[in-house]
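Report on the structure given below.
Naming: A, B, ... by sequence-line order, numbering from 1 per chain.
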Protein chains: 4
Amino acid sequence: MSRIDKKERIIQSAIDVFSEKGIEKATISEIVKKAGIAQGTFYLYFSSKLAVMPAIAEVMVNKILEGLNKKVSGGPIQQQINDIIHVIFDLTETYKELTKLLYTGLTQTQYVGNWEIIYAPLYEWIEELLRNGMKDQVIDSELNVKYTAKIIVGTIESAAEQAYLYDQQETEAVKEHQKELYYFLIKALGAHT
Amino acid sequence: MSRIDKKERIIQSAIDVFSEKGIEKATISEIVKKAGIAQGTFYLYFSSKLAVMPAIAEVMVNKILEGLNKKVSGGPIQQQINDIIHVIFDLTETYKELTKLLYTGLTQTQYVGNWEIIYAPLYEWIEELLRNGMKDQVIDSELNVKYTAKIIVGTIESAAEQAYLYDQQETEAVKEHQKELYYFLIKALGAHT
Amino acid sequence: MSRIDKKERIIQSAIDVFSEKGIEKATISEIVKKAGIAQGTFYLYFSSKLAVMPAIAEVMVNKILEGLNKKVSGGPIQQQINDIIHVIFDLTETYKELTKLLYTGLTQTQYVGNWEIIYAPLYEWIEELLRNGMKDQVIDSELNVKYTAKIIVGTIESAAEQAYLYDQQETEAVKEHQKELYYFLIKALGAHT
Amino acid sequence: MSRIDKKERIIQSAIDVFSEKGIEKATISEIVKKAGIAQGTFYLYFSSKLAVMPAIAEVMVNKILEGLNKKVSGGPIQQQINDIIHVIFDLTETYKELTKLLYTGLTQTQYVGNWEIIYAPLYEWIEELLRNGMKDQVIDSELNVKYTAKIIVGTIESAAEQAYLYDQQETEAVKEHQKELYYFLIKALGAHT
DNA sequence: AATGAATGAGACTTCATTCAT
DNA sequence: TATGAATGAAGTCTCATTCAT
């Protein structure tokens with residue numbers, strides 16, 4: 001097993017354990033046990049439980065980007081917004097606590113600053129979408145691309161967390177929530193419904 | 001010192017310690033020390049560190065409600081939205097990590113369900129605002145009041161966290177972010193800018 | 001069991017364990033086990049293994065002082081020197097490694113400075129002896145009391161350590177060593193043999 | 001790099017690390033790091049951390065012998081005693097903790113017995129000096145050469161440790177201490193001051 | 001002979017929780 | 001009700017030692 005393998009295994013195992021137990025109750029002991037490596041080996045790669053957070057965050061953002069690239073069609077902006085909503089909702093459902101955990105985990109460490117760097121590619125992806133929409137004159141041409149991208153991501157993520165994490169909504173309610181969110185965003189962007 | 005005093009002191013002290021140390025590193029020892037009570041006394045009021053969370057959440061939501069009631073004018077919907085943004089941004093700045101911590105803290109316990117109950121008054125406040133706006137025909141009459149209220153709260157809170165917590169923006173950038181958020185919401189609600 | 005009892009027990013147990021195992025191999029686990037207290041209790045009294053050192057040093061110096069007060073006669077200076085030699089040799093034999101350990105233990109910590117304070121009463125005891133001898137004109141009247149006291153203690157202690165610790169001399173050799181040491185000191189002090 | 005080079009480097013590095021950290025906190029990791037060799041390589045030369053001690057002791061005794069041979073004049077015994085004091089004080093100042101560490105380090109191992117062997121050449125050097133002094137009738141002809149040599153070495157070393165290690169005396173005080181020690185030894189040996 | 005990643009035993013340390021006062 | 005010393009379980013982390021390369 002190579003060095004890189006070991007590190008990957010730790011990250012993957014940490015994702016599992018954090019998801020299941022939460023940051024508080026997650027232990028390095030359990031992470032290494034699940035990763036199938038020795039206790040001391042953990043410390044060759046990470047200095048503490050929370051030091052794994054940035055690596056996990058990167059994995060998560062990559063999953064979102066992958067999802068966006070795979071699932072978001074090249075069609076009209078309305079369809080694209082709808083696809084983005086579904087991608088983020090699906091990932092949030094799959095990884096439930098993890099996203100929230102990441103925020104908290106990072107804020108509890110010296111790595112808060114990393115957050116922006118890690119999320120940058122995602123924001124850029126949305127910014128590109130907005131710029132194209134503005135170029136095609138299908139969305140409000142006066143909006144600030146940078147902040148709007150952040151607002152959109154925050155809005156969708158918080159809605160998804162609401163739906164799956166706090167409300168623990170039924171499938172039907174989730175659909176309703178998504179639909180409302182869709183109209184909300186479409187209007188906010190000045191696109192035609 | 002009465003029972004209620006003691007309990008209040010524990011909650012306040014817990015807010016301080018959680019804010020400063022995060023959930024992970026906060027200890028009951030420090031909470032009781034700051035509260036000026038004995039170790040054992042804590043357990044007369046709360047069963048564990050995380051059991052204080054719902055009480056803290058309630059305090060926070062009350063602060064938001066207080067802020068809304070005090071700061072949000074009776075004027076046009078646009079002005080009200082603007083006021084709401086400022087109230088939530090200000091509280092987020094003051095209590096920085098605390099909101100996030102609350103989410104995480106609650107999700108790590110049996111109290112997740114409480115979240116909705118605690119936030120209910122806040123959502124109702126916004127829902128009332130929306131209903132009035134619809135009645136006055138100043139906002140989109142077709143939107144779903146319940147989900148829209150949640151979406152609005154989520155959007156503003158996530159933007160505030162972005163601004164103060166992750167980006168650690170300068171005053172100017174925050175203002176820009178707030179302005180963009182304002183237009184975003186106004187449009188989303190179908191109100192005239 | 002009172003607070004003081006607990007602390008005393010830790011110190012006594014630490015003396016035993018350090019003597020038996022040396023600083024390196026002594027563990028807090030074993031100290032508490034022998035003291036019959038819980039692991040965590042140790043930390044209520046001392047912050048680390050080495051932090052017990054000054055307390056042990058004090059105990060040792062007190063033992064020496066006790067011995068001097070009890071065993072050293074009020075007779076002629078020659079007899080007194082002889083008695084001092086025996087007291088220090090006896091204690092060194094009983095506590096073998098401990099004295100050396102103390103030096104090392106203290107130098108490995110922030111407590112080096114304490115050494116002088118702890119040894120002060122012993123030096124004073126010897127200084128008093130010297131001053132009396134000078135007053136009675138039985139020893140060299142020109143010697144510096146302060147440094148000579150230190151030199152005497154150092155000379156006797158190092159000889160005792162030589163005898164018992166490094167050379168591990170037989171009884172006869174020890175007697176010979178002591179006798180030679182006696183003449184050495186008598187002459188150094190300018191007393192008549 | 002030859003075998004001998006490697007071994008020398010380990011010993012030198014161990015001296016540095018032991019001096020800086022003390023036996024307790026010195027680690028093989030740091031010794032090899034400073035020596036510029038791999039972890040495993042250490043074990044090709046020494047079986048443990050403490051097994052380096054005898055080698056270090058030898059280095060130290062050689063330094064003392066070198067110093068004596070170089071610095072101690074062929075003049076009158078008084079001058080020679082004075083030179084010896086300076087040599088041992090200087091080395092003690094340079095290597096501060098190391099001498100004490102050696103004692104302790106050796107006593108914590110199976111190598112205690114080695115101590116006498118290692119120190120033998122030093123004692124012989126002093127014994128030779130004493131025998132010459134006796135032959136020349138400049139010192140007490142009745143003293144036991146063997147024990148007196150040990151006592152002298154112990155007296156000077158303990159005084160030097162007092163001065164530099166525990167008291168951390170200023171230059172002036174050290175000179176005073178040395179002067180007193182000089183008269184002390186001269187008188188003890190029955191030489192004329 | 002040399003390497004250094006990996007190991008895992010075990011020491012250290014913390015801290016929630018208890019309970020006699 | 002309130003206290004806080006004592007507990008000891010459990011987690012963190014280090015580091016000597018091994019072994020495949």
Side-chain angles (χ1 to χ4, degrees), chain A residues 1-7 10 21 24-33 35-51, chain B residues 1-3 5-7 10 24-33 35-51, chain C residues 1-7 10 21 24-33 35-51, chain D residues 1-3 5-7 10 24-33 35-51:
Chain A
M1 199 191 308
S2 77
R3 275 189 74 84
I4 288 169
D5 274 353
K6 283 242 162 65
K7 194 167 184 180
I10 293 173
K21 298 285 178 76
E24 179 83 0
K25 301 244 173 84
T27 65
I28 292 175
S29 308
E30 198 175 350
I31 293 171
V32 296
K33 199 174 145 197
I37 56 161
Q39 190 82 358
T41 307
F42 179 91
Y43 293 90
L44 295 176
Y45 297 95
F46 298 100
S47 62
S48 75
K49 191 169 75 177
L50 292 175
Chain B
M1 200 190 307
S2 75
R3 269 193 73 81
D5 271 353
K6 280 235 166 70
K7 193 165 185 179
I10 292 173
E24 180 82 2
K25 301 236 174 97
T27 64
I28 291 179
S29 310
E30 200 174 348
I31 292 171
V32 297
K33 200 174 144 195
I37 58 163
Q39 285 279 113
T41 308
F42 180 91
Y43 292 90
L44 299 175
Y45 298 93
F46 297 99
S47 64
S48 78
K49 189 169 79 177
L50 292 174
Chain C
M1 197 192 307
S2 76
R3 277 189 72 83
I4 288 168
D5 274 351
K6 282 240 162 67
K7 193 167 185 179
I10 292 173
K21 298 285 178 75
E24 179 83 0
K25 301 244 175 84
T27 64
I28 292 175
S29 310
E30 198 174 348
I31 293 172
V32 297
K33 200 175 144 194
I37 57 161
Q39 191 81 357
T41 307
F42 180 91
Y43 293 91
L44 295 177
Y45 297 95
F46 298 100
S47 63
S48 76
K49 194 168 75 177
L50 291 174
Chain D
M1 200 190 307
S2 77
R3 268 194 72 83
D5 272 353
K6 281 238 165 69
K7 193 166 186 179
I10 292 173
E24 180 82 1
K25 301 235 174 97
T27 64
I28 292 178
S29 310
E30 198 174 350
I31 294 171
V32 298
K33 200 174 143 194
I37 58 162
Q39 285 278 115
T41 309
F42 180 91
Y43 293 90
L44 298 176
Y45 297 93
F46 297 99
S47 64
S48 77
K49 188 169 79 178
L50 292 174

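- Residue whose closest nucleotide on DNA chain F sits further toward the 5' end, between T41(B) and E24(D): T41(B).
- The stretch residues 39-50 of chain D participates, sequence neighbours left out, in these side-chain hydrogen bond (donor to acceptor under 3.5 Å, both in side chains) pairs: E24(C)-K49(D).
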Once base and sugar-phosphate atoms are separated, protein heavy atoms under 4.0 Å mark nucleotides 16-21 of chain E, 5' to 3', with B, S and - as SBB---

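- Listed candidates were dA6(F), dA2(F), dT3(E). Nearest to the side chain of K6(B) is dA2(F).
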Whenever both distances are under 3.5 Å in a Watson-Crick or G-U wobble pair, mark it; put DNA chain E into dot-bracket that way, with [ ] for crossing pairs and | when the partner is on another strand. .||||||||||||||||||||

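- We find that NZ of K25(A) is positioned 14 Å from P of dT12(F), with the value rounded to whole Å.
- Distance F42(A) CZ to dA5(E) C1': 17 Å, rounded to the nearest Å.
- The list of salt bridge (charged side-chain N to carboxylate O under 4.0 Å, His left out) pairs with a residue in residues 36-47 of chain B, not counting sequence neighbours, is empty.
- F46(D) comes within 4.0 angstrom of no nucleic acid atom, judged by non-hydrogen atoms across all strands.
- L44(C) has its CG atom 12 Å from the C1' atom of dG8(F), to the nearest Å.
- Among the heavy atoms of the strands lying under 4.0 Å from Y45(D) are primed sugar atoms or P, OP1, OP2 only; no base atom is included.
- Between the NZ atom of K7(D) and the P atom of dA2(E) there is a distance of 12 Å, given to the nearest Å.
- Closest non-hydrogen pair, V32(C) versus A38(C), comes out as CG1-O, 4.0 Å.
- Here the P atom of nucleotide dT3(E) and the NZ atom of K33(D) are 16 Å apart, to the nearest Å.
- Every residue meeting the side chain to side chain contact (heavy atoms under 4.5 Å, CB included) condition with K25(D), not counting sequence neighbours, appears here in chain and number order: K21(D).
- Within the model, atoms CD1 of I10(B) and CG of L44(B) stand 8.0 Å from one another, a figure rounded to the nearest 0.5 Å.
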